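A short worksheet on the structure shown next.
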Amino acid sequence: DPLKQRQPGNTDGKRNERIAHTEHNIGEKERQHKFDENLHAHVDSLLFSDHRYTRQMVREMAAGKDILNLYCYTGTFSCYAAKGVARTTVSVDRSHTSITWARENMALNGIPEKGNTLVQSGTLAYLEKAQRSCQTFDLSIVDPPSYSTDRAGNRDFDIARDHPILLASVAKVMRPGATILFSTNHQKFDLRIDGLDITGGEEITQHTIPEDYQSKKKTIHRCWKMTV
């Protein structure tokens, strides 16, 4: 599978553009963590450093919890959670390449495979399976692309349109009192959670954007903390 290129300012909300996969990797450090980078496919970052404060927030919240990382990409949130002594992590992405990168990043950080599960699956399909098997979590990170397409090139997910369905499905696998961290970089996003089994919906964007990403013209991402 190809890799992805982040496009944070695109007004149609497209977050990642797929580009060619190569094997030329280097290491990159963030706080006490190590992550693979790809020199020849590198345009912005496979690390998406605009979320480095959010990752640290996850680490501080993770101790003793079961963590679900949806649209996990290269698994950086899961690495932070595991290093924060999470009881378990589950990382889900439909891309084989992303799961491969996540596995490499966990190995780089000395995170054992046991208790840190990587799942190649579409998000909604995984959530349906988790609900059927009564699997539940204490904290979920939900950072989807603004839209995605199926293999035929048809748009099958639009964050502005479909996020209530997505969040409702996430809520069904969360324990009472659990937390959902939901983020999007869609530039014209309107959160709709009325009628969902979610309370709060506190926007925490100002606490998650590092100083070097702050701009009066564009907000590189928005982020909410929700309670189930």
Side-chain angles (χ1 to χ4, degrees), residues 1-19 28 30 35 37-38 41-59 68-81 91-95 97-98 101-102 105 122-124 139-150 155-167 169-170 179-193 198 200-226:
D1 290 353
L3 298 177
K4 297 184 235 181
Q5 174 184 351
R6 188 162 191 156
Q7 302 200 341
N10 199 319
T11 55
D12 68 6
K14 186 176 181 181
R15 182 178 72 171
N16 297 311
E17 182 175 288
R18 295 185 178 273
I19 53 180
E28 180 171 323
E30 182 180 272
F35 299 110
E37 279 287 11
N38 185 296
H42 175 95
V43 176
D44 176 33
S45 177
L46 302 182
L47 185 56
F48 293 162
S49 58
D50 62 295
H51 264 305
R52 62 182 185 265
Y53 286 2
T54 323
R55 284 190 283 272
Q56 182 62 20
M57 188 181 299
V58 166
R59 176 169 178 154
L68 176 61
N69 183 10
L70 298 172
Y71 306 95
C72 72
Y73 195 30
T74 57
T76 53
F77 276 110
S78 300
C79 290
Y80 267 74
S91 307
V92 181
D93 201 289
R94 73 178 186 177
S95 165
T97 298
S98 293
W101 277 96
N105 280 333
T123 292
L124 292 177
L139 172 63
S140 180
I141 303 98
V142 187
D143 183 24
S146 293
Y147 67 81
S148 63
T149 56
D150 60 22
R155 184 175 298 192
D156 63 354
F157 178 81
D158 184 314
I159 189 66
R161 179 192 68 202
D162 298 327
H163 72 272
I165 296 172
L166 170 62
L167 289 171
S169 296
V170 175
T179 299
I180 299 172
L181 293 179
F182 172 72
S183 180
T184 180
N185 74 324
H186 195 293
Q187 296 296 298
K188 298 179 180 179
F189 184 78
D190 181 24
L191 181 69
R192 306 190 314 279
I193 59 173
I198 293 172
E202 174 192 3
E203 184 164 4
I204 58 171
T205 302
Q206 62 179 339
H207 303 299
T208 64
I209 297 182
E211 293 81 357
D212 49 321
Y213 281 93
Q214 292 179 4
S215 169
K216 294 181 180 179
K217 295 182 179 179
K218 297 174 182 176
T219 301
I220 192 166
H221 70 248
R222 294 176 68 191
C223 191
W224 289 263
K225 184 178 181 180
M226 305 173 184

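This one's a predicted model, so the numbers in the text were calculated from it and none came from an experiment.
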From [X] atom [atom1] to [Y] atom [atom2], the distance as rounded to the nearest 0.5 Å:
X    : Y    : atom1 : atom2 : value
T208 : R55  : OG1   : CZ    : 11.0 Å
Y71  : F157 : OH    : CZ    : 4.0 Å
I220 : H51  : CD1   : NE2   : 8.5 Å
L70  : R94  : CG    : CZ    : 14.0 Å
S140 : N69  : OG    : CG    : 7.5 Å
C223 : N185 : SG    : CG    : 12.0 Å

Exercise. Using the side-chain contact (heavy atoms from CB on, under 4.5 Å) rule, take T54 and F77 through it: C-alpha gap first, then chi angles, then the decisive distance, then the call.
Key: CA-CA 8 Å; T54 323; F77 276 110; 3.9 Å; yes
Quiz item: Between S148 and D156, is any pair of side-chain heavy atoms under 4.5 Å apart?
Solution: yes
Quiz item: Does the side chain of I204 reach to within under 4.5 Å of the side chain of L181, using non-hydrogen atoms?
Solution: yes
Considering non-hydrogen atoms only, spot the tightest contact between [X] and [Y] and give its length.
X    : Y    : result
D93  : Y73  : OD2-N, 3.0 Å
H186 : A160 : NE2-CB, 4.2 Å
W224 : G201 : CD1-O, 3.4 Å
P144 : L166 : CG-CD2, 4.1 Å
M226 : L167 : CE-CD1, 3.9 Å
V58  : I141 : CG2-CG1, 3.9 Å

Practice problem: Spell out, as yes or no, whether a donor-acceptor pair under 3.5 Å connects the side chain of Q187 to the backbone of T219. | Solution: yes
Exercise. State whether a side-chain donor-acceptor pair under 3.5 Å links H221 with T205.
Key: no
Self-check item: T76 side chain to N105 side chain, donor-acceptor N/O pair below 3.5 angstrom
Solution: no
Quiz item: Only one of R222, E203, H163, K225 clears side-chain contact (heavy atoms from CB on, under 4.5 Å) with F182; which?
Solution: H163
Practice problem: Before giving the answer on side-chain contact (heavy atoms from CB on, under 4.5 Å), spell out for H207 and Y53 the whole-Å C-alpha distance, their side-chain angles and the decisive distance to 0.1 Å. | Solution: CA-CA 7 Å; H207 303 299; Y53 286 2; over 6 Å; no
Practice problem: State plainly whether the residues R52 and D212 are in salt-bridge range, i.e. N to O under 4.0 Å. | Solution: yes
Exercise. Just do the side-chain contact (heavy atoms from CB on, under 4.5 Å) check on T74 and S98 with the steps written out, would you?
Key: CA-CA 5 Å; T74 57; S98 293; 5.7 Å; no
